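Just so we're clear, the structure is a prediction, and the values are computed from it rather than from any experiment.
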Amino acid sequence: MRPTVHDIAAAAGVSLATVDRVLNQRPGVRHVTREKVETAIRELGYVRDVAAANLAKGRTYPLVFILPASDNSFMHGLNAEIREAVLRSSAERTNIRTIEVPAFDPAALVSVLEELSRDKPCGIALVATDAPDVRAAVDRLVRGRFPIVTLVSDLTGSLRHHYAGVDNIAAGRTAARLLGRFLGPRKGEIAVLAGSMLVRDHRERLEGFSTVMAEEFPHLAILPVLEGRDDPEVAHMLVADALSRHASIIGVYSLGAGNRGLIRALKEKAVDRVLTVIAHELTAHTRAALIDNTIDAILNQDAGHEVRSAIRVLKAKADGIAVIEAQERIRLDIFLKDNLP
């Protein structure tokens with residue numbers, strides 16, 4: 001059995017009130033008595049339940065989520081999951097607010113991070129733009145004892161405490177294997193639609209995709225990446241133009257957002273050719289495109305799990321307790337029209 005405060009009191013020969021004062025570092029305890037209590041704690045191997053202590057004290061955790069202001073369905077879904085978390089705030093003892101910054105704008109993100117260093121929240125979760133200034137701002141916050149979690153897109157090489165998101169290299173490799181197997185021996189070109197190469201998740205997906213394509217499907221040529229900035233209108237224009245200029249395109253990999261524009265461009269060209277399409281994130285639009293065969297497969301990350309994971313990790317880091325890594329691992333789901341949830 002785990003030792004309790006009653007065991008500590010009995011071993012040290014003091015009252016429960018005295019044990020409580022020592023555990024919570026309150027005054028009113030003589031030095032010799034404090035030493036007796038601390039010795040009993042060490043000898044019994046007592047481990048304090050910080051979460052329970054904070055619950056008893058009524059502690060609330062002010063948390064901040066920083067998201068890109070973007071008109072794409074996945075970010076709308078991520079925002080919705082954060083709003084759901086806000087509704088659970090009283091039960092989870094959190095006080096959550098969301099700040100939106102312009103997408104793919106490192107300077108704007110740094111400005112918000114610097115402002116938060118003065119507000120002193122218990123933790124910050126951010127969709128990271130991979131830039132030196134952002135990395136430096138995050139490192140300053142971590143050195144200032146702010147718990148930091150990157151969400152969806154990581155900031156490798158920074159001091160951030162945890163990443164809540166899928167393995168994006170594995171996601172890109174999975175997309176390549178699906179596309180290559182679906183296309184079989186057909187030769188042709190592959191169009192790749194990204195949001196921006198400024199975010200690590202898009203770069204890593206492209207890295208994984210390109211590696212498998214080169215190693216296992218060399219008869220499929222990858223065209224230069226189209227950067228649609230996760231904007232449906234820009235994505236539509238870029239994809240429609242690429243399909244018009246490259247008659248040999250037989251497959252499309254959409255590794256970011258902007259899928260509404262992609263779907264519109266694909267439907268406009270559907271009469272010209274048969275395309276095999278792999279995309280990311282299950283939304284209302286990609287679900288409909290799976291059902292009507294515009295898209296062949298969707299790779300999905302659970303935004304709700306990512307938000308819940310970020311909250312758990314930030315609270316744990318604020319309390320100085322260990323994170324259960326297996327609980328926080330984000331799974332990559334593969335959906336076809338036949339196994340839609």
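Counting all heavy atoms, side chain and backbone alike, Q301 lies closest to R205 at NE2-NH2, 3.2 Å. Nearest heavy atom pair, residue P27 against residue R21, reads O-CD, 3.6 Å. Nearest heavy atoms, A171 versus L332: CA-CD2, 3.7 Å. Heavy-atom minimum distance, K269 versus S244: NZ-OG, 3.0 Å. Scanning both residues, C122 and A318, for their nearest heavy atoms gives O-CB, 4.0 Å.
Applying the salt bridge (Lys or Arg N to Asp or Glu O under 4.0 Å) definition to pairs two or more places apart or across chains, those involving residues 305-317 are R312-E328. Within the structure, the side-chain hydrogen bond (donor to acceptor under 3.5 Å, both in side chains) test picks out the following pairs touching residues 169-187 (sequence neighbours left out): R177-E216. Residue pairs that meet the salt bridge (Lys or Arg N to Asp or Glu O under 4.0 Å) test with at least one member in residues 137-147, sequence neighbours left out, are E114-R140. Sequence neighbours left out, the pairs with a member in residues 282-297 that pass salt bridge (Lys or Arg N to Asp or Glu O under 4.0 Å) are K267-D292. For residues 241-264, the set of pairs meeting the salt bridge (Lys or Arg N to Asp or Glu O under 4.0 Å) definition, not counting sequence neighbours, comprises D71-R260, E233-R264, D241-R245.
With hydrogens and angles left out, the side-chain atoms of E281 and N72 include no donor and acceptor closer than 3.5 Å. Of the N and O atoms on the side chains of N259 and S254, at least one donor lies less than 3.5 Å from an acceptor on the other residue.
Partners of T4 according to the side-chain hydrogen bond (donor to acceptor under 3.5 Å, both in side chains) rule, which considers only residues two or more places apart in sequence or in another chain, are D7. The side-chain hydrogen bond (donor to acceptor under 3.5 Å, both in side chains) check on T211 picks up nothing, with sequence neighbours excluded. Residues meeting the side-chain contact (heavy atoms from CB on, under 4.5 Å) test with A85, sequence neighbours left out: R88, I96, V307, I311. In terms of the ring-ring contact (aromatic ring centres under 6.0 Å, His included) criterion, residue partners of Y253 (sequence neighbours excluded) are, by chain and number, F209, H280. Here H202 pairs with nothing under the ring-ring contact (aromatic ring centres under 6.0 Å, His included) rule; sequence neighbours left out.
Looking at E38 and V22, their side chains come closer than 4.5 Å, going by heavy atoms from C-beta outward. Within the 4.5 Å cutoff, no side-chain heavy atoms of V86 are placed close to those of T98. With a 4.5 Å cut-off on side-chain heavy atoms, H162 and E325 count as touching. Contact check for D167 versus I169: side-chain heavy atoms found under the 4.5 Å cut-off. Taking 4.5 Å as the limit, every side-chain heavy atom of M213 sits out of range of all side-chain heavy atoms of V192. Side-chain contact check for I334 versus L299: some heavy-atom pair is nearer than 4.5 Å. In this structure, Y46 and V5 have side chains that are in contact, with non-hydrogen atoms separated by less than 4.5 Å. The shortest side-chain heavy-atom distance between F217 and L183 does not fall under the 4.5 Å cut-off.
For I324, the CD1 atom sits in a loose shell: 12 or fewer heavy atoms of surrounding residues, nucleotides or ligands are nearer than 6.0 Å.
Through direct or relayed side-chain contacts under 4.5 Å between Ile, Leu, Val, Met, Phe, Trp and Tyr, V199 connects to F104, L198. In this structure, I66 shares a hydrophobic cluster with V64, I99, V101, L109, V110, V112, L113, L116, I124, L126, V134, V138, L141, V142, F146, I148, L155, L159, the cluster being traced through Ile, Leu, Val, Met, Phe, Trp and Tyr side chains under 4.5 angstrom apart.
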